[in-house]
J.: 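Would you mind keeping the following structure in view while I ask a few things?
Numbers here simply count residues along the sequence, with the first being 1.
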Amino acid sequence: MKELLIESKGIKTDEYFIPPFELRKGELVLIYLYGGSHYYKIKEDLADIFTGKTRHENVNVFKALTFAKNFKESRFERVFNPVTVGKYLKRNADLYVEPELGFFKENGFSKNDKVGNLDYSQKKLLSLYSVFTKTRDIVFDLSGEGPVGAIKTFDFVKDQIKNDGAAILIDWATDMKDDCDKFITLEWLSV
């Protein structure tokens with residue numbers, strides 16, 4: 001049996017319930033939150049639990065996951081000192097892992113490109129790539145991506161975790177549910 005990373009006996013608030021589930025090495029779990037204004041707050045709360053930032057009485061986190069954050073650049077930095085892909089990786093990736101040149105080529109950018117000029121999916125892939133140089137156990141989302149970019153990002157994550165990783169995808173769409181090991185749906189308690 002593969003290593004257990006997270007055991008949830010169910011996450012309940014006054015508004016919703018996330019049914020029980022386990023996350024083991026090699027698995028990809030999709031937590032479906034539906035679309036709406038609630039999505040970002042609940043996603044943030046769940047990510048905080050799964051990364052160990054917040055404790056929840058019904059969730060045992062045996063190994064904290066890492067959340068793949070979206071790229072942000074201050075206006076000052078964007079104007080006077082734009083972040084390049086190479087600079088971003090120096091700041092955010094494991095310096096002992098040599099960047100794979102094929103990753104850049106197949107995703108249409110180079111180390112010298114300004115991250116601010118990349119499209120949203122390229123930024124998401126860059127963020128995920130930097131996280132995967134440090135760990136194989138992540139929480140991620142696909143918000144802001146179009147259908148083609150979301151599939152490419154999803155496939156990238158699946159490929160990265162297949163041997164010795166695990167992932168939780170928190171999403172507002174069910175498109176990927178058949179490609180996940182487990183599909184968990186938020187249940188509303190008050191309507």
J.: Roughly how far, to the nearest 0.5 Å, is OG of Ser74 from CZ of Phe80?
T.: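 Going from CZ on Phe80 over to OG on Ser74, the span is 10.5 Å.
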
J.: State, to 0.1 Å, how close Asp164 and Lys25 come at their nearest heavy-atom pair, and which atoms those are.
T.: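 Scanning both residues, the minimum pair turns out to be O-NZ, 3.1 Å.
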
J.: Is it true that Lys63 and Asp137 make a salt bridge, defined as a side-chain N closer than 4.0 Å to a carboxylate O?
T.: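 Salt bridge present between Lys63 and Asp137.
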
J.: Determine the minimum heavy-atom distance between Gly149 and Ser121, stating which atoms define it.
T.: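 Taking Gly149 first and Ser121 second, the nearest heavy atoms are CA-OG, 3.2 Å.
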
J.: Side chains of Leu33 and Asp171: closer than 4.5 Å at any heavy-atom pair?
T.: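 No - every pair of side-chain heavy atoms lies 4.5 Å or more apart.
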
J.: Just how far is it from atom OG1 of Thr135 to atom CD1 of Ile161, taken to the nearest 0.5 Å?
T.: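 Separation between the atoms: 11.0 Å.
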
J.: Under 4.5 Å between any side-chain heavy atoms of Leu128 and Ile138, yes or no?
T.: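 Yes; the side chains approach each other to less than 4.5 Å.
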
J.: Centre-to-centre under 6.0 Å for Trp172 and His38, is that the case here?
T.: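 Aromatic pair excluded; centres sit 6.0 Å or further apart.
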
J.: So do the side chains of Leu126 and Phe71 get within less than 4.5 Å of each other, counting heavy atoms only?
T.: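 Leu126 does not reach Phe71 side chain to side chain.
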
J.: Does any part of the side chain of Phe154, heavy atoms only, come nearer than 4.5 Å to the side chain of Leu169, both counted from C-beta?
T.: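 Yes - at least one pair of side-chain heavy atoms lies under 4.5 Å apart.
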
J.: Side-chain atoms of residues 9-22: list all donor-acceptor pairs with protein atoms under 3.5 Å, sequence neighbours left out, distances to 0.1 Å.
T.:
residue : atom : partner : partner atom : Å
Thr13   : OG1  : Glu15   : N            : 3.0
Thr13   : OG1  : Tyr16   : N            : 3.1
Glu22   : OE1  : Arg24   : NH2          : 3.2

J.: Same cluster for Ile49 and Leu4 if Ile/Leu/Val/Met/Phe/Trp/Tyr side chains link at under 4.5 Å?
T.: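 Shared cluster, no.
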
J.: Rounded to the nearest 0.5 Å, what's the gap from CG on Asp155 to CG on Asp179? Could you check?
T.: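 The CG atom of Asp179 is 7.5 Å from CG of Asp155, to the nearest 0.5 Å.
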
J.: Within the structure provided, determine whether Leu89 and Tyr129 are in side-chain contact (heavy-atom separation under 4.5 Å).
T.: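 Heavy-atom side-chain distance check passes, below 4.5 Å.
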
J.: With Glu77 as reference, evaluate Lys114, Lys72, Arg91 under the salt bridge (Lys or Arg N to Asp or Glu O under 4.0 Å) test and give the passing residue.
T.: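 For Glu77, the salt bridge (Lys or Arg N to Asp or Glu O under 4.0 Å) test succeeds with only one of Lys114, Lys72, Arg91, which is Arg91.
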
J.: Do the side-chain N and O atoms of Lys87 and Asn81 include a donor-acceptor pair separated by under 3.5 angstrom?
T.: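 Indeed, the side chains of Lys87 and Asn81 share at least one donor-acceptor pair under 3.5 Å.
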
J.: For a 4.5 angstrom cut-off between non-hydrogen side-chain atoms, does Val139 reach Thr66?
T.: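 They are not in contact (no side-chain heavy atoms under 4.5 Å apart), so the answer is no.
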
J.: Determine whether a donor-acceptor pair (N or O, by modelled atom type, separation under 3.5 Å) exists between the side chain of Thr133 and the backbone of Asp94.
T.: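 Yes; judged by distance alone, with no hydrogens or angles, the pair exists.
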
J.: Is there a donor-acceptor contact under 3.5 Å from the side chain of Ser127 to the main chain of Lys123?
T.: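 Such a contact is absent between Ser127 side chain and Lys123 backbone.
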
J.: Are any side-chain N or O atoms of Asn92 and backbone N or O atoms of Tyr88, one a donor and one an acceptor, separated by less than 3.5 Å?
T.: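 The answer is yes, because a donor-acceptor pair under 3.5 Å joins these two groups.
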
J.: Should Leu30 and Ile184 count as side-chain neighbours, where that means a heavy-atom distance under 4.5 Å?
T.: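 Not touching, per the 4.5 Å side-chain cut-off.
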
J.: Could you report the tightest heavy-atom contact between Lys158 and Leu28, atom names first, then the distance?
T.: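 Closest approach of Lys158 to Leu28, heavy atoms only: CG-CD1, 3.7 Å.
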
J.: With rounding to the nearest 0.5 angstrom, report the NZ to CG distance, Lys43 to Asp48.
T.: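 Reported value, rounded in 0.5 Å steps: 11.0 Å.
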
J.: Would you please test Tyr32 and Lys177 for side chain to side chain contact (heavy atoms under 4.5 Å, CB included) and show each step?
T.: CA-CA 9 Å; Tyr32 172 60; Lys177 79 176 189 177; over 6 Å; no

J.: Are Val157 and Tyr120 linked, directly or through intermediate hydrophobic residues, by side-chain heavy-atom contacts shorter than 4.5 Å (ILVMFWY only)?
T.: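 Tyr120 does not cluster with Val157.
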
J.: Under 3.5 Å, which donor-acceptor pairs do the side chains of residues 102-109 form with other protein atoms, sequence neighbours left out?
T.:
residue : atom : partner : partner atom : Å
Asn107  : OD1  : Lys152  : NZ           : 3.1
Asn107  : ND2  : Phe103  : O            : 2.8

J.: Looking only at heavy atoms, what is the nearest atom pair of Thr51 and Ala64, with distance?
T.: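 Looking at all heavy atoms of both residues, the closest pair is O-CB, 3.3 Å.
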
J.: Can you find a pair of side-chain heavy atoms, one from Glu44 and one from Phe67, that are under 4.5 Å apart?
T.: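 Contact flag for Glu44/Phe67 side chains = no.
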
J.: So, are Lys41 and Asp45 salt-bridged, with charged N and O less than 4.0 Å apart?
T.: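 Counted as a salt bridge, because a side-chain N and a carboxylate O are separated by less than 4.0 Å.
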
J.: Go through it in stages, so that I can follow the logic: the residues are Leu142 and Met176, the test is side chain to side chain contact (heavy atoms under 4.5 Å, CB included), and I'd like the CA-CA distance, side-chain angles, deciding distance and then a yes or no.
T.: CA-CA 11 Å; Leu142 298 172; Met176 311 297 183; 4.1 Å; yes

J.: Give the C-alpha distance, both sets of side-chain angles, the deciding distance and a yes or no for side chain to side chain contact (heavy atoms under 4.5 Å, CB included) between Asn112 and Thr84.
T.: CA-CA 6 Å; Asn112 297 325; Thr84 63; 5.7 Å; no

J.: Can you list the steps and then say if Lys124 with Asp141 is a salt bridge (Lys or Arg N to Asp or Glu O under 4.0 Å)?
T.: CA-CA 9 Å; Lys124 178 74 80 174; Asp141 67 359; 2.5 Å; yes

J.: Ile168 and Ile6: side chain to side chain contact (heavy atoms under 4.5 Å, CB included), yes or no, with the steps?
T.: CA-CA 10 Å; Ile168 295 177; Ile6 292 179; 4.1 Å; yes

